Number of protein chains: 2
Amino acid sequence: MTTSERKKIATEKAVDAQASALGVALVPPPAGAPKGALAAMEDEMFERIHEAVLDHRLPPGTKLKETALAGLFAVNRNIVRKVLARLAHFKLVELRPNRGAVVASPSVEESRDLFAARRTIEGAIIDCITRRVTPAQLRELRVLVKQEQEAYRRGEVRTGLKLSIQFHQALAEMAGNSVLADFLDQLIARTPLVLLAYRVPARDASCSNDEHSQILEAVATGDANRAVTAMKAHLQGLESQLNLREEEQSTDLGKILGLHRAEPILP
Amino acid sequence: MTTSERKKIATEKAVDAQASALGVALVPPPAGAPKGALAAMEDEMFERIHEAVLDHRLPPGTKLKETALAGLFAVNRNIVRKVLARLAHFKLVELRPNRGAVVASPSVEESRDLFAARRTIEGAIIDCITRRVTPAQLRELRVLVKQEQEAYRRGEVRTGLKLSIQFHQALAEMAGNSVLADFLDQLIARTPLVLLAYRVPARDASCSNDEHSQILEAVATGDANRAVTAMKAHLQGLESQLNLREEEQSTDLGKILGLHRAEPILP
DNA sequence: GGAATTTAGACTGTCAACATTTTACTTACT
DNA sequence: AGTAAGTAAAATGTTGACAGTCTAAATTCC
């Protein structure tokens with residue numbers, strides 16, 4: 001066996017590993033329509049990689065090779081590039097000129113800053129919403145919280161998390177500030193990454209929806225201060241689930257000793 | 001003269017108009033080095049269009065044709081595309097699928113939301129900075145304010161505006177939250193566009209740097225509440241220079257009557 | 001045996017031609 | 001005349017090939 005043949009096999013194994021991480025068999029061609037199918041594929045690619053990153057099936061630092069992804073999804077490298085740019089916009093991947101894209105590995109400071117930013121922005125959103133929420137909107141929010149609770153009760157964690165995100169986004173929407181809502185979208189997209197990067201293992205992953213209903217009731221009473229405090233406490237609770245205790249020593253040590261794998265699922 | 005010839009001329013005139021708006025003669029080839037010259041050209045393109053948009057030499061709604069820009073800067077359309085994507089990231093241009101890019105035309109609501117967001121974020125930044133600013137940093141900030149004042153005194157408005165922006169950015173930097181600093185960068189980039197879009201004509205454009213020094217002194221005393229109030233008042237003052245009084249009726253009317261030019265500098 | 005240099009392979013960046021969609025004009029019809 | 005369908009040009013989207021850059025294995029020299 002020549003060296004190039006060995007290498008070829010190694011590469012293919014790596015691609016296979018990423019393929020399984022992404023849940024892609026080899027070529028998932030959608031309905032036979034070659035019409036606007038590319039845009040759909042682009043969105044699907046974004047969603048798949050997005051979810052894989054948030055689930056840590058593609059751990060921070062994993063290299064995302066354009067050619068491999070292009071082959072996996074059976075699209076041109078240009079499409080891959082666009083998707084990677086979109087992911088980079090949300091800071092889920094990092095684009096290094098001439099050196100490819102990797103899954104973002106948020107630092108401890110970044111994680112703290114992110115939660116601080118969420119407290120700032122969601123605080124402002126809650127303050128705003130308390131003054132202008134309508135009864136119909138309150139009903140809508142209560143439905144969301146209820147659905148979330150039921151999802152968790154049924155053990156459907158994924159659904160619960162989705163509904164939890166929807167709750168936060170609905171609040172932003174109703175606050176009526178599109179700019180802040182946009183920023184919050186970016187923050188929400190990044191939150192699971194930092195949560196999973198630094199979470200202590202055996203802990204409940206969800207926004208405690210009990211806190212969600214507390215926030216909602218505070219909003220309903222029109223007491224802005226109480227509502228803002230409840231939201232900030234909620235986010236503080238989330239942050240405190242992490243172990244952001246600057247245990248970088250060990251991480252750095254691992255890197256220094258060459259024991260840290262830059263591409264965990266690749267050989 | 002055939003119709004196609006007439007059209008050709010019209011197109012060339014349009015390109016010329018954009019060229020002069022961008023301050024580009026025909027082909028500005030940098031130093032003979034074909035080394036990393038492309039990246040430099042990409043940055044220059046970004047800067048030129050950026051400034052042209054903020055100066056309203058390219059008014060909101062102006063179409064930015066890829067081919068025209070590619071010809072003007074003597075680069076490939078791919079490069080143009082990347083630059084347009086970067087500009088879209090800051091919401092200075094809008095990318096409409098299959099229909100090209102246009103200079104963003106922020107709505108009245110968007111402008112108000114933008115200023116509200118700035119008050120929220122810069123309020124948090126000031127609150128944070130008041131607790132942790134060092135004497136050295138205070139000195140640095142005082143130098144910035146002083147330079148800004150002198151620039152205005154000499155009548156160098158452009159320099160003054162640049163220094164004003166630097167002041168806001170320096171505050172964000174010193175607050176130590178990279179996420180909020182990043183958001184503020186985006187907001188600062190968009191502010192001049194909405195200012196110019198809705199400014200009442202004869203009014204002083206600058207951040208009154210008197211207010212800057214007031215903010216700075218409040219920070220220096222360590223009184224967080226006063227500092228935050230000063231910053232919010234400063235931004236409120238900026239916003240109040242606009243006429244955001246929902247005079248959309250006239251604008252909409254113009255559009256409805258077909259009197260509104262989508263591409264102001266094109267024939 | 002270990003470190004620096006060389007060299008082959010892989011990957012990203014760039015480009016120009018091709019395909020598709022939009023746009024605006026012409027032409028025909030009511 | 002005004003409107004609507006049809007058509008040609010222009011602009012955007014896509015593709016595959018080529019060029020430059022980085023990575024890493026292999027060789028050579030201490």
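A, B, ... follow the sequence lines: proteins, then strands. Residue 1 opens every chain. Just so we're clear, the structure is a prediction, and the values are computed from it rather than from any experiment.
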**OP:** Within residues 78-86 of chain B, find the residues that approach DNA chain C with a heavy atom at under 4.0 Å, and present them sorted by residue number.
**Re:** Asn78(B), Ile79(B), Lys82(B)
Taking atom [atom2] of [N] as reference, at what distance in whole Å does atom [atom1] of [X] sit?
X        : N       : atom1 : atom2 : result
Lys65(B) : dT23(C) : NZ    : P     : 12 Å
Arg77(B) : dT14(C) : CZ    : P     : 16 Å
Asn76(B) : dT14(D) : CG    : C1'   : 13 Å
Glu66(A) : dC22(D) : CD    : C1'   : 14 Å

Original post:
Which salt bridge (Lys or Arg N to Asp or Glu O under 4.0 Å) pairs, counting each pair once, include a residue from residues 82-95 of chain B, with sequence neighbours left out?
Top reply: Asp182(A)-Lys91(B), Glu42(B)-Lys82(B), Glu42(B)-Arg86(B), Asp43(B)-Arg86(B)
Subject >> Intermediate values then yes/no, side-chain contact (heavy atoms from CB on, under 4.5 Å), Val102(A) and Leu64(A) >> reply: CA-CA 5 Å; Val102(A) 294; Leu64(A) 299 171; over 6 Å; no
Who passes side-chain hydrogen bond (donor to acceptor under 3.5 Å, both in side chains) against [X], sequence neighbours left out?
X         : value
Gln186(A) : none
Arg77(A)  : Glu66(A)
Gln169(B) : Asp185(B)

Original post:
With a 4.5 Å heavy-atom cut-off, do Val103(A) and Leu92(A) have their side chains touching?
Top reply: no
Subject >> 4.5 Å side-chain heavy-atom contact, Val194(A) and Glu110(A) >> reply: no
Original post:
side-chain contact (heavy atoms from CB on, under 4.5 Å) between Ile188(B) and Phe90(B): does it pass, once the steps are laid out?
Top reply: CA-CA 10 Å; Ile188(B) 286 177; Phe90(B) 286 97; over 6 Å; no
Subject >> Stretch residues 92-106 of chain A: residues that reach within less than 4.0 Å of DNA chain D through a heavy atom >> reply: Asn98(A), Arg99(A)
